[in-house]
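Below, read A as the first sequence line, B as the second, and so on, with proteins coming before strands; counting in each chain starts at 1.
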2 protein chains.
Amino acid sequence: MKKIIANLNKSFDNKVRLGIMSVLMVNEWVDFNTFKDMLDLTDGRLASHIKALEKDEYIIIEKVFFNKKPKTSYKASKSGKKAFNEHLNALEKLLKTRK
Amino acid sequence: MKKIIANLNKSFDNKVRLGIMSVLMVNEWVDFNTFKDMLDLTDGRLASHIKALEKDEYIIIEKVFFNKKPKTSYKASKSGKKAFNEHLNALEKLLKTRK
DNA sequence: TAAAAGTACTTTGAATTTCAAAGTTAAGTA
DNA sequence: TACTTAACTTTGAAATTCAAAGTACTTTTA
């Protein structure tokens, strides 16, 4: 009997991190405030989940000044996209599971 | 701006509970030991997640004796199926998200 | 030039969740 | 009567999550 949940990635069980990665799969660069609006989060909560993904090296951070304001943007790393795709594949398989 | 993760159900973020519900979407009744094998879990861990789903009234428990051995089986309740489907719809929407 | 405001955090602490390990109960079998 | 199996329950510790408050840096405003 195979272990049908073994390939789900723990980094993506939290819905905030799931949201961040989903957005980064279809948008190259996304900035802090866009995430904040899309996911409806406080600064601290967003920052902490971003930090977790950064620690896993799933996202890459770039800080620039735009219109004389700091604008931090994020994109998925290659390994981040790979890990997220593998997670989605595991999810998809799970949802088709039969005994 | 809509909140793209608001409709994800907290009861299904854990991979064990996700696994249990996935199995119960395609199998009417599933027993304790089948779950244990499919999900590769200890008794305690499986029982605690089952208990959580039961508390939410997402699953229904039936205890019978089969071959003179106790055999506890579980099935998804109507509200459990509904909640799980809503969660999957929210997931699907999220994964198609664009800015 | 001093104060206020905006952006993007960091820190703190508490609540909640998760899990392994050990203990329990109830019935069946030797 | 001891032993086994199935299905839990309990305990306690570790990990996770989150809100709230605080901070650093820069620009704007008075």
Side-chain angles (χ1 to χ4, degrees), chain A residues 1 3-21 23-24 29-56 58-75 83 87, chain B residues 1 3-21 23-24 29-56 58-75 83 87:
Chain A
M1 186 100 56
K3 301 155 194 174
I4 62 174
I5 57 174
N7 292 322
L8 294 172
N9 187 327
K10 207 151 193 345
S11 290
F12 307 131
D13 62 355
N14 176 281
K15 62 156 120 175
V16 174
R17 292 194 298 272
L18 200 64
I20 291 170
M21 290 306 293
V23 172
L24 290 182
W29 287 100
V30 179
D31 63 87
F32 193 86
N33 279 309
T34 300
F35 276 132
K36 234 183 77 173
D37 288 346
M38 290 185 88
L39 304 173
D40 194 37
L41 301 172
T42 58
D43 286 6
R45 192 172 165 200
L46 174 56
S48 70
H49 286 292
I50 281 177
K51 202 179 171 185
L53 290 170
E54 197 198 354
K55 196 183 155 205
D56 290 335
Y58 287 163
I59 62 174
I60 292 164
I61 300 189
E62 184 188 60
K63 298 180 189 220
V64 294
F65 268 78
F66 183 70
N67 281 341
K68 307 206 170 174
K69 283 180 193 169
K71 179 170 156 146
T72 307
S73 290
Y74 308 87
K75 76 165 190 169
H87 179 75
Chain B
M1 186 100 58
K3 301 156 196 174
I4 60 173
I5 57 174
N7 293 322
L8 293 173
N9 186 328
K10 209 153 191 343
S11 290
F12 307 130
D13 62 355
N14 176 282
K15 63 156 120 175
V16 174
R17 292 192 299 272
L18 199 64
I20 292 170
M21 291 306 292
V23 172
L24 290 182
W29 287 101
V30 179
D31 63 85
F32 193 86
N33 279 310
T34 300
F35 276 133
K36 235 183 77 173
D37 289 344
M38 290 185 87
L39 305 174
D40 194 37
L41 301 172
T42 58
D43 286 7
R45 192 173 166 197
L46 174 56
S48 69
H49 286 292
I50 281 177
K51 202 178 172 187
L53 289 170
E54 197 199 355
K55 196 183 155 206
D56 290 335
Y58 287 163
I59 62 175
I60 292 164
I61 299 190
E62 185 189 59
K63 297 178 190 221
V64 295
F65 269 76
F66 183 72
N67 280 343
K68 307 206 170 174
K69 283 182 190 169
K71 178 169 156 148
T72 308
S73 289
Y74 308 88
K75 77 165 191 171
H87 178 75

Q | Spacing between Asp13(A) atom CG and dC18(D) atom P, to the nearest angstrom | A | 10 Å

Q | Protein-nucleotide distance (Lys71(B), atom NZ; dA26(C), atom C1'), rounded to Å | A | 19 Å

Q. Touch check for Phe66(A), heavy atoms < 4.0 angstrom, all strands: base, sugar-phosphate only, or nothing?
A. nothing

Q. Out of curiosity, Phe35(A) CZ to Ile4(B) CD1, how far, rounded to the nearest 0.5 Å?
A. 8.5 Å

Q | Closest-nucleotide ordering on DNA chain C, the 5'-leading residue of Lys10(A) and Ala47(A) | A | Ala47(A)

**Q.** Euclidean distance, Lys15(A) NZ relative to His87(B) NE2, rounded to 0.5 Å
**A.** 9.0 Å

Q. Quick one: NZ on Lys10(A) to CZ on Arg17(A), what's the gap to the nearest 0.5 Å?
A. 8.0 Å

Q.
Any side-chain N or O of Tyr74(B) below 4.0 angstrom from OP1/OP2 of dA7(D)?
A. no

Q: Please determine if a side-chain N or O atom of Asn14(B) lies less than 4.0 Å away from the OP1 or OP2 oxygen of dT17(C).
A: no

Q: Nearest whole angstrom, please: distance from the P of dA5(C) to the CG of Asn33(A).
A: 18 Å

Q.
Whole angstroms only, please: what is the CZ-C1' distance between Arg17(B) and dT16(C)?
A. 12 Å

Q) Would a distance-only check, ignoring hydrogens and angles, find a side-chain to backbone donor-acceptor pair under 3.5 Å from Asp56(A) to Tyr58(A)? A) no

Q. How long is the line joining CD1 of Ile50(B) and C1' of dT9(D), in whole Å?
A. 14 Å

Q.
Expressed as a whole number of angstroms, how long is the span from Lys51(A):NZ to dA15(D):C1'?
A. 16 Å

Q.
Please compare Lys15(A) and Pro70(A) by the position of their nearest nucleotide in DNA chain D and report the one closer to 5'.
A. Lys15(A)

Q. Just to confirm, is there a sub-4.0 Å distance from OP1 or OP2 of dA26(C) to any side-chain nitrogen or oxygen of Lys63(B)?
A. no

Q: Write down the distance between CG (Leu46(B)) and C1' (dT10(D)), rounded to a whole number of angstrom.
A: 17 Å

Q: Would you indicate what Phe35(B) reaches in the nucleic acid, counting non-hydrogen atoms under 4.0 angstrom: base, sugar-phosphate, or nothing?
A: nothing

Q.
For dA20(D) and Arg45(A) - does any side-chain N or O of the residue sit under 4.0 Å from the phosphate oxygens OP1/OP2?
A. no

Q: Please state whether the phosphate of dT17(C), meaning OP1 or OP2, lies under 4.0 angstrom from any side-chain nitrogen or oxygen of His49(B).
A: no

**Q.** Interatomic distance, Asp43(B) CG vs dA22(C) C1' [rounded to whole Å]
**A.** 12 Å

Q: Could you tell me the separation between the CD1 atom of Ile61(A) and the CG atom of Leu53(A), rounded to the nearest 0.5 Å?
A: 9.5 Å

(Q) Between Thr72(B) and dC8(D), is there a contact of a side-chain N or O with OP1 or OP2 at under 4.0 Å? (A) yes

